[in-house]
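Step one of this worksheet: look at the structure below.
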Amino acid sequence: MTQGRDSGGAEQAGKSPTCCCARRPETAGEAPPPPPPASAGGKGTAFRWIALPGGRFLMGTSGAEGFAGDGEGPARPVTLSPFRVSAYAVTNAQFADFVRATGHVTEAERFNWSYVFHALVPPETAARIERVPVEAPWWLPVPFAYWAQPEGPGTTVLDRLDHPVVHVSWNDAVAFCAWSGTRLLTEAEWEYAARGGLDGKLYPWGDELTPGGQHRCNIWQGTFPDLNTAEDGYVGTAPVHAFEPNGYGLFNVAGNVWEWVRDVFSPEYHRVTGDRDPVHDGPGASRSMRGGSYLCHSSYCNRYRVAARNSNTPNSSSGNIGFRVAALDAGAAQFA
């Protein structure tokens, strides 16, 4: 196995540590076009909606714990309209509904490979990998890894249908939304929902990572990237309903999998967007992601904080990227 700069890596020189995700190299080109869908539209799939009233909240951080290069601040008041958000990330079962109904072929399938964390790859598969990202050699570009066989050939999601779907690109997530009658959250909506009513806190439950010694999210324990003690109970993804929900009833908004959001990523986000229903639609080539994943660790990348931001190209996929959806209508708010 060798390291190669043409297999992905950091977004730009000098950016904060990038254990979180790998991106498709520019040399990968465009994926072959998908076949026509078997059907379009339909009733979609069921969601557990949380209706949120919106209003004013403190978004971002000005604290030293953040990555300045990611544009996590300065903290500022933002006002949002009411909206509804799914309590859970989209699951393998829900994505399977989508694929069965439409014949959708993901970009991971069309490229014929996707990134898988090295410790999760079967040894016989890992032995055949020749090039890895030089900036993040723990990511292996595994042939034929995609959402239904997330560690490559011989693996399956049939024993984890309630886990978040992974190996989905931003483009795949948007296609799912079009079918299910939903949409991706904006960054501002995502952070408001993830905070659960707790302004200015590091995590959805407060400022202490493990209050009373209790694990509240699925992140890395041990020594990254070689030893994961799995003290939280998980080495890879966890069920979408694992751990306690936040104050608004959302599950796993810290760790587990990164969640695509609508916005085009910019380190200047907090300086160039407004203070009412902000959204950044460009310019830029990458899309924003929120929440961190099971690979985040304080020694290298503590992006499981609610203010943390990350990005990836809209055609990239890996074993720790999924998404959550919002409803097209606001519904009736459940919180005063």
Side-chain angles (χ1 to χ4, degrees), residues 16 49-87 183-209 211 216-217 245-255 258-284 286-292 296 302-311 323-336:
S16 315
W49 293 118
I50 305 293
L52 299 178
R56 193 170 183 266
F57 81 108
L58 191 65
M59 183 179 183
T61 181
S62 298
E65 73 281 350
F67 291 124
D70 289 348
E72 293 188 23
R76 61 184 177 126
V78 164
T79 301
L80 296 179
S81 300
F83 65 100
R84 289 191 296 158
V85 58
S86 174
R183 62 177 177 85
L184 294 179
L185 286 82
T186 67
E187 278 207 64
E189 289 173 333
W190 190 96
E191 185 170 326
Y192 169 84
R195 287 190 176 278
L198 299 180
D199 267 5
K201 299 299 183 181
L202 289 176
Y203 312 114
W205 54 85
D207 285 328
E208 188 177 351
L209 181 59
R216 300 293 300 272
C217 62
N246 72 1
Y248 286 159
L250 278 72
F251 291 76
N252 286 302
V253 283
W258 284 101
E259 298 181 6
W260 290 112
V261 294
R262 167 182 164 178
D263 300 64
V264 173
F265 180 83
S266 170
E268 298 299 312
Y269 170 87
H270 284 290
R271 302 184 188 277
V272 301
T273 56
D275 61 1
R276 182 171 291 273
D277 292 321
V279 60
H280 188 254
D281 282 328
S286 296
R287 294 287 176 166
S288 296
M289 304 187 302
R290 289 302 204 107
C296 289
N302 65 347
R303 289 187 179 95
Y304 42 83
R305 295 169 292 104
V306 285
R309 309 177 67 228
N310 203 358
S311 68
F323 65 105
R324 185 184 304 257
V325 298
L328 295 178
D329 61 275
Q334 296 173 334
F335 299 89

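Between Asp281 and Arg262 there is a salt bridge, since a side-chain N of the basic residue sits under 4.0 Å from a carboxylate O of the acidic one.
Residues that satisfy the side-chain contact (heavy atoms from CB on, under 4.5 Å) test with Arg276, not counting sequence neighbours, are Thr79. Shown here are the side chain to side chain donor-acceptor pair (under 3.5 Å) partners of Arg76, two or more places apart in sequence or in another chain: His270, Thr273. When the side-chain contact (heavy atoms from CB on, under 4.5 Å) test is applied to Val272, the partners found at least two apart in sequence or on another chain are Glu268, His280. By the side chain to side chain donor-acceptor pair (under 3.5 Å) test, Arg309 pairs with Glu187, sequence neighbours left out. By the side chain to side chain donor-acceptor pair (under 3.5 Å) test, Glu72 pairs with Arg305, sequence neighbours left out. When the side chain to side chain donor-acceptor pair (under 3.5 Å) test is applied to Asp277, the partners found at least two apart in sequence or on another chain are Ser81. Listed by chain and number, the residues in a side-chain contact (heavy atoms from CB on, under 4.5 Å) with Val325 are Phe47, Trp49, Ser86, Val90, Phe176, Cys177, Thr182, Phe323 (sequence neighbours excluded). Taking the ring-ring contact (aromatic ring centres under 6.0 Å, His included) definition, one finds that Phe83 meets it with Tyr192, sequence neighbours left out.
Among all heavy-atom pairs drawn from Pro204 and Leu198, the shortest one is O-CD1, 3.5 Å. Smallest separation of non-hydrogen atoms from Pro82 and Pro53: CG-O, 3.4 Å. When all heavy atoms are compared, the tightest approach of Leu80 to Pro278 is CD2-CD, 4.0 Å. Nearest heavy atom pair, residue Ala326 against residue Leu185, reads N-CD1, 3.8 Å. Nearest heavy atoms, Tyr248 versus Ile50: O-CG2, 3.1 Å. For Val78 against Ala188, the heavy-atom pair with the smallest separation is CG1-CB, 4.4 Å.
With Arg324 contributing its side chain and Ala87 its backbone, the two residues share a donor-acceptor pair below 3.5 Å.
Distance CG/Asp329 to CZ/Arg183: 9.5 Å, rounded to 0.5 Å. Note: Ser288 OG to Trp190 CH2 = 11.5 Å, rounded to the nearest 0.5 Å. With values rounded to the nearest 0.5 angstrom, Asn252 atom CG is found 15.0 Å from Tyr304 atom OH. Between atom OG of residue Ser311 and atom CZ of residue Arg287 there is a gap of 11.5 Å, rounded to the nearest 0.5 Å. In this structure, CG in Asn246 is found 12.5 Å from SG in Cys217, a value given to the nearest 0.5 Å.
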For residues 59-66, please give each side-chain donor-acceptor pair under 3.5 Å, one per line with the distance, not counting sequence neighbours.
unit_1	atom_1	unit_2	atom_2	d
Thr61	OG1	Gly63	N	2.9
Thr61	OG1	Glu65	OE2	2.8
Ser62	OG	Ala75	N	3.0

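Among Glu259, Glu191, Glu189, the one residue that satisfies the salt bridge (charged side-chain N to carboxylate O under 4.0 Å, His left out) test with Arg290 is Glu191.
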Applying side chain to side chain contact (heavy atoms under 4.5 Å, CB included) to Leu184 and Val261, what does each step give before you reach the verdict? CA-CA 5 Å; Leu184 294 179; Val261 294; 5.5 Å; no

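The stretch residues 197-208 participates, sequence neighbours left out, in no side chain to side chain donor-acceptor pair (under 3.5 Å) pair at all.
Considering only heavy atoms from C-beta on, Asp70 comes within 4.5 Å of Arg303 through its side chain.
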